[in-house]
Amino acid sequence: MKNILITGGAGFIGSNYVRYALEAHPDWHVFVLDKLTYAGNLDNLLDVAEKFKGRYAFAQGDIADREVVFDLIRRYRIDTIVNFAAESHVDRSILDPDAFIMTDVYGTYVLLEAAREFQIERFHQVSTDEVYGDIPQGYSQEGDPLEPNSPYAASKASAELLIRAYRMTYNLPVTVTRGSNTFGPYQYPEKLLPLFITNAIDDLPLPLYGDGMQVRDWLHVVDHARGIDVVLTQGAVGETYNVGGENERHNIDVIRMMLAILGKPESLIKRVADRPGHDRRYALDTHKLRALGWAPRTDFEAALRETVAWYVNNEWWWRKIKSGEFKEFYRRQYAERLAQAI
Ligand code: NAD
Ligand code: DAU
């Protein structure tokens, strides 16, 4: 592996992975292809562009555009594709599923076709624990059935099925990681933690869905990036690996901890109408990835403190995001809910 195409590299996890990969692999050249949707942001890569000038390049484009993808792979002699590009927010998939099918499903298909045509050494798909659906008890293992419950989760599961088919039919060298709820710097402030941290900084209400007793397994973005890297460099071809933080928390407890760190009152929490089809719990069995030497290294409370501090110290990054397209999404998603909040 030498010439790595990272799709969706201007998003949250993608940009953190680009930074991680360039540090960890001095012989890699990294090419980012990103459509720069509302979630893509070149501010996420400012330091990378400066620090790794000779080994990093960026192109704006759509993974669903065959011509763009094929041309880039041919021109830069790409040997590895790591696909982060996706529509990634569950609430938006409930409002407007269309883009999820176009990018997460059709876009993945175009990348697979390119991988086949150019005999790529490795195609890695960044997937999610949401493909398993709701897990009331126990821990999901990689062989468990896929039972997605949101249009987002279904689009990611569909992409995985295509990847499986390309492995079985064309012997494409693929790997997949299924990550759990990721947090850290540069996360678009529509997701629970960055939304609630930035709202709390401004003393705005925190719209908690339902009873707040849903369980998520929180994974720091650098642990996630390292998990992907371990699978890419040491994982067995054709295999899927869970990447979980081994850190299950109820939403309400995470929010209370965050408010205590910020020194803000719990009265900011407003209980609002639940997300339709809301999965109560995700939980991953990580033995398979641990066998490759990976383990999460982050202490949750310390990492949450660091993350809160990052948003406090980087208002330049999130204030301009929250003043743009975000406002219309926020109105559609929350105005009515907040008007009826408890
Ligand atoms: P994000 O929304 O922050 O970033 C997505 C990036 O993909 C953006 O830069 C966007 O511009 C780009 N993109 C979207 N459509 C594109 C297209 N058609 N062509 C090219 N680029 C396009 O998402 P994220 O949270 O960083 O998630 C990255 C990946 O990790 C996704 O595949 C997601 O399903 C997966 N994942 C996320 C989490 C999480 O907790 N955030 C957990 C597990 C897996
Ligand atoms: O589990 C991995 C997944 O984690 C990724 O595949 C997704 O891309 C990522 O968005 C995330 O999905 P979630 O739906 O779990 O994340 P979100 O931040 O939207 O919500 C986390 C929890 O907080 C969930 O139980 C819903 C709840 N929530 C979320 C928002 C945005 C609220 O109570 N209020 C909110 O306003």
Side-chain angles (χ1 to χ4, degrees), residues 6-17 32-42 44-45 59-65 68-69 82-94 99-100 102-104 106-108 110-111 125-132 148 150 152-153 155-156 159 177-184 186-196 199 205-219 221 224-225 227-228 243-245 249-252 254-255 269-275 278-284 330 333-334 337-338:
I6 300 186
T7 63
F12 164 50
I13 310 175
S15 63
N16 277 283
Y17 180 70
V32 170
L33 173 65
D34 197 298
K35 189 178 176 183
L36 297 181
T37 65
Y38 78 92
N41 186 352
L42 286 178
N44 300 0
L45 290 164
Q60 182 172 3
D62 189 338
I63 59 163
D65 186 333
V68 165
V69 170
V82 187
N83 182 28
F84 289 88
E87 289 292 332
S88 69
H89 192 40
V90 173
D91 291 327
R92 288 188 193 248
S93 82
I94 295 167
F100 290 74
M102 284 314 295
T103 289
D104 303 13
Y106 189 78
T108 303
V110 170
L111 293 176
Q125 173 77 353
V126 180
S127 192
T128 169
D129 61 1
E130 300 208 6
V131 296
Y132 295 117
S150 70
Y152 162 70
S155 73
K156 296 295 290 186
T177 44
R178 295 183 184 142
S180 64
N181 274 69
T182 307
F183 70 103
Y186 301 107
Q187 186 168 28
Y188 192 89
E190 65 191 352
K191 307 284 164 47
L192 179 76
L193 269 173
L195 175 67
F196 280 27
N199 275 12
L206 312 182
L208 189 71
Y209 296 153
D211 62 4
M213 291 301 284
Q214 303 82 5
V215 174
R216 295 293 184 268
D217 171 10
W218 294 94
L219 170 70
V221 67
H224 194 164
I228 291 166
V243 190
R249 312 260 169 177
H250 291 110
N251 290 343
I252 183 74
V254 171
I255 295 319
I269 299 173
K270 301 293 172 212
R271 288 174 196 255
V272 300
D274 207 348
R275 174 187 277 175
H278 197 169
D279 289 331
R280 291 291 282 182
R281 176 174 177 263
Y282 303 126
L284 292 176
Y330 196 81
Q333 180 63 21
Y334 296 107
R337 278 191 165 87
L338 280 168

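Side-chain atoms are counted along with the backbone in the values below, which use heavy atoms only and exclude waters and symmetry mates. Order of appearance sets the numbers: ligands from 1, and atoms from 1 within every ligand.
- For Asn251, a nitrogen or oxygen atom sits less than 3.5 Å from a nitrogen or oxygen atom of ligand 2, counting backbone and side chain alike.
- Taking the six-membered ring where the residue is Trp, Tyr209 and Tyr334 present parallel rings, their angle staying beneath 30° rather than reaching 60°.
- Between Gly179 and ligand 2, no pair of N/O atoms sits closer than 3.5 Å.
- Across the listed options Ser127, Gly11, Ser88, Ser88 owns the non-hydrogen atom lying nearest to atom 7 (C) of ligand 2.
- Shortest non-hydrogen contact noted between Pro194 and Pro189 is CB-CA, 3.8 Å.
- Of all atoms in ligand 1, numbered sequentially from 1 with element shown, those under 4.0 Å from a heavy atom of His224 are 43 (C).
- Although no hydrogens or angles enter the test, the distance criterion places no donor-acceptor pair under 3.5 Å between the side chain of Ser15 and the main chain of Ile13.
- Counting only heavy atoms of the protein, atom 1 (O) of ligand 2 lies nearest to Asp129 OD1, 2.5 Å.
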**Request:** Start with the C-alpha distance between Arg178 and Tyr132, add both sets of side-chain angles, then the distance that settles side-chain contact (heavy atoms from CB on, under 4.5 Å), and finish with yes or no.
**Result:** CA-CA 10 Å; Arg178 295 183 184 142; Tyr132 295 117; 2.7 Å; yes
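- Those atoms of ligand 1 with a heavy atom of Lys156 less than 4.0 angstrom away are 31 (C), 32 (O), 33 (C), 34 (O).
- Taking distance alone, with nitrogen or oxygen atoms compared against 3.5 Å, His278 approaches ligand 2 more closely than that limit.
- One side chain, Asn83 or Thr7, offers a donor N or O that lies under 3.5 Å from an acceptor on the other.
- Only the side chain of Leu195 comes within contact range of ligand 2, with a heavy atom under 4.0 Å; no backbone atom does.
- Distances between N or O atoms of Leu33 and those of ligand 1 include no value under 3.5 Å.
- Against a heavy-atom cut-off of under 4.0 Å, Val90 is close to the following atoms of ligand 2: 14 (O).
- By the 4.0 Å heavy-atom criterion, Lys156 is excluded from the residues contacting ligand 2.
- Close N/O approach between Gln214 and ligand 2 is not found [any backbone or side-chain N/O within under 3.5 Å].
- Annotation: atom 12 (O) of ligand 2 to nearest protein heavy atom, Glu130 OE2, 2.7 Å.
- Every atom of ligand 2 with a heavy atom of Leu208 under 4.0 Å away is listed here by number and element: 33 (O).
- Arg92 is not listed as a side-chain neighbour of Gln333, based on a closest heavy-atom distance of 4.5 Å or more.
- Listed by atom number, the atoms of ligand 1 under 4.0 Å from Asp62 heavy atoms are 17 (C), 18 (N), 19 (N).
- Of the candidates Phe84, Tyr38, Tyr106, Phe183, Phe84 brings a heavy atom nearest to atom 29 (C) of ligand 1.
- Of the protein's non-hydrogen atoms, the one nearest atom 5 (C) of ligand 2 is Tyr152 OH, 3.6 Å.
- Contact check for Leu338 versus Tyr330: side-chain heavy atoms found under the 4.5 Å cut-off.
- For ligand 1, the polar-atom distance check against Ser88 finds a nitrogen or oxygen pair separated by under 3.5 Å.
- Nearest to atom 24 (P) of ligand 1 by heavy atom, out of Asn83, Leu42, Ile13, Thr108, is Ile13.
- Here the side chains of Phe12 and Lys191 are not in contact, with every heavy-atom distance at 4.5 Å or above.
- Note: an N/O pair closer than 3.5 Å links Arg275 and ligand 2 by distance alone.
- To the nearest 0.5 Å, the span separating NZ on Lys156 from OG on Ser93 amounts to 12.0 Å.
- For ligand 1, the atoms closer than 4.0 angstrom to any heavy atom of Thr103 are 15 (N), 16 (C), 17 (C), 18 (N).
- At least one heavy atom of Glu190 lies less than 4.0 angstrom from ligand 2.
- In this structure the side chain of Leu192 reaches within 4.5 angstrom of the side chain of Trp218, judged on heavy atoms.
- Within ligand 1, the atoms closer than 4.0 Å to a non-hydrogen atom of Gly61 are 19 (N), 20 (C), numbered from 1 in the order shown.
- Side-chain contact between Val90 and Glu130: present, with at least one pair of heavy atoms (C-beta onward) separated by less than 4.5 Å.
- By heavy-atom distance, the residue among Tyr152, Tyr17, Phe12, Phe100 lying nearest atom 34 (O) of ligand 1 is Tyr152.
- Near Leu36, meaning under 4.0 Å from one of its heavy atoms, ligand 1 places the atoms 11 (O).
- Using a 4.5 Å cut-off on side-chain heavy atoms (C-beta onward), Val82 and Phe84 make contact.
- Under a 4.0 angstrom heavy-atom cut-off, Ala10 registers as being in contact with ligand 1.
- For the residue pair Tyr152 and Glu87, no side-chain donor N or O sits within less than 3.5 Å of a side-chain acceptor on the partner.
- At under 3.5 Å, a nitrogen or oxygen of Asn181, whether backbone or side chain, sits near a nitrogen or oxygen of ligand 2.
- Checked by distance only, ligand 2 and Phe196 stay at 3.5 Å or farther apart across all their nitrogen or oxygen atoms.
- Between Lys35 and ligand 1, at least one N/O pair is under 3.5 Å apart.
- The backbone N or O of Ala39 lies less than 3.5 Å from a partner atom in the side chain of Thr37, making a donor-acceptor pair.
- Across Val69, Asp65, Thr103, a single residue satisfies side chain to side chain contact (heavy atoms under 4.5 Å, CB included) together with Val110, and that is Val69.
- Nearest-heavy-atom check against atom 5 (C) of ligand 1 across Ala86, Ser180, Ala99 picks out Ala86.
- For Asn44 (side chain) and Ala10 (main-chain N/O), a donor-acceptor pair under 3.5 Å exists by modelled atom type.
- Counting heavy atoms from C-beta outward, Val215 and Arg280 have side chains that stay 4.5 Å or more apart.
- Ligand-side atoms of ligand 1 in range of Ser127: 43 (C), 44 (C), range being under 4.0 angstrom from any heavy atom.
- Numbered from 1 in the order shown, with element, the atoms of ligand 2 that lie under 4.0 Å from a heavy atom of His89 read 19 (O).
- Contact check for Asp91 versus Arg275: side-chain heavy atoms found under the 4.5 Å cut-off.
- Given atom 36 (O) of ligand 2, the protein heavy atom at minimum distance is Tyr334 OH, 2.7 Å.
- At a heavy-atom distance under 4.0 Å, atoms from both the backbone and the side chain of Leu192 approach ligand 2.
- Looking only at distances, no side-chain donor or acceptor of Arg337 sits under 3.5 Å from a matching main-chain atom of Leu208.
- A heavy-atom separation below 4.0 Å is found between Asp34 and ligand 1.
- For atom 33 (O) of ligand 2, the nearest non-hydrogen atom from the set Tyr188, Phe12, Tyr209 comes from Tyr209.
- Near Asn181, meaning under 4.0 Å from one of its heavy atoms, ligand 1 places the atoms 40 (O).
- The N/O atoms of Ala85, backbone and side chain alike, include none that comes under 3.5 Å of an N/O atom in ligand 1.
- With Phe196 as reference, Ile255 is the one residue of Val254, Ile255, Ile269 to meet the side chain to side chain contact (heavy atoms under 4.5 Å, CB included) rule.
- Heavy atoms of Lys191 found under 4.0 angstrom from ligand 2 belong to the backbone as well as the side chain.
- Ranking protein heavy atoms by distance to atom 34 (N) of ligand 2, first place goes to Pro207 O, 2.8 Å.
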